[in-house]
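One structure below.
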Amino acid sequence: MTTTTWAFYLALTWSLVLYVYRFAVVGFNLSLFRLVVMGWLAVLALDLARSRVRIERRYWPFAAIMAGIAMINAVDFVALSGYPTLRRDIANHAVNVVLSGLVLVYVRTQAQIHGLLRAFVLSSIVTTAVALYAGTMNALPFERLIRTLGSEQARALTYVNDDTVFERATSTFFDPNFYGIYCMLVIVSITYLWLHDRPARHLAILFVVNLTCMTLT
């Protein structure tokens, strides 16, 4: 795996956890994650034009699943004309499905899979730092930017202490349940890397850190 690939994996996974920092730009709700995905799509289009990427048989099951999801979402999109917020959720889901397809096409070797998982695990450094900051300052880092430059929905969301009874860790996910799911996925990734790639001290440390953060959600 090249240095460029590793750097891209870090940019992708770290932008994924910074998704809450999204801003209204020329009528669009943009985040670093969406910019990375759009850039990756542009690379895919270029690779298809240059025949560096070919439509292989192994993609057909994913294409069939994606087509089914697209049809279901299209029906929901039409039916939810009176609920624009839910329509945005459908669009967000479509971006996630596209990301899955890009990973399928470009992450092929065992080394690339392990590299992407390690980058994902390292993204928890960002979420932990934000959780500590939010617990101390009762606000997200640069939250004022979200309140002033974010979309109407982003400006109205509660990013810290999302429970009326006690404070639960939310980090960059605005919802403690989402943060808990993320921590669980990081823990599973660490376990996989420990067993199937190689044990490392930083993996053990991040395992404990994310287990602690998950309990705080």
Exercise. Under the side-chain contact (heavy atoms from CB on, under 4.5 Å) rule, what do Tyr19 and Phe174 come out as? Steps first, then yes or no, please.
Key: CA-CA 10 Å; Tyr19 182 70; Phe174 80 82; over 6 Å; no
Hey, are the side chains of [X] and [Y] touching, using non-hydrogen atoms and a 4.5 Å cut-off?
X: Ser171; Y: Phe178; answer: no
X: Leu122; Y: Thr13; answer: no
X: Val121; Y: His202; answer: no
X: Glu167; Y: Leu216; answer: no
X: Val186; Y: Met214; answer: no
X: Phe62; Y: Ser100; answer: yes
X: Phe207; Y: Leu203; answer: no
X: Tyr21; Y: Leu140; answer: yes

Practice problem: Check salt bridge (Lys or Arg N to Asp or Glu O under 4.0 Å) between Arg147 and all other residues, then give those that pass, not counting sequence neighbours. | Solution: Glu143
Self-check item: Test log, rule side-chain contact (heavy atoms from CB on, under 4.5 Å), inputs Val17 and Phe173
Solution: CA-CA 7 Å; Val17 299; Phe173 296 89; 4.1 Å; yes
Quiz item: Just by distance, do the side chain of Tyr182 and the backbone of Ser124 share a donor-acceptor pair under 3.5 Å?
Solution: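 Checking the backbone N and O of Ser124 against the side chain of Tyr182, a donor-acceptor pair under 3.5 Å is found.
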Exercise. Could you tell me whether Trp40 and Tyr106 have their ring centroids closer than 6.0 angstrom?
Key: yes
Exercise. Step through the shown structure and confirm whether more than 12 heavy atoms of other residues, nucleotides or ligands are within 6.0 Å of CE on Met38.
Key: yes
Quiz item: Once you round to the nearest 0.5 Å, how far does CG of Leu12 lie from OG1 of Thr5?
Solution: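 One finds 12.0 Å between CG of Leu12 and OG1 of Thr5.
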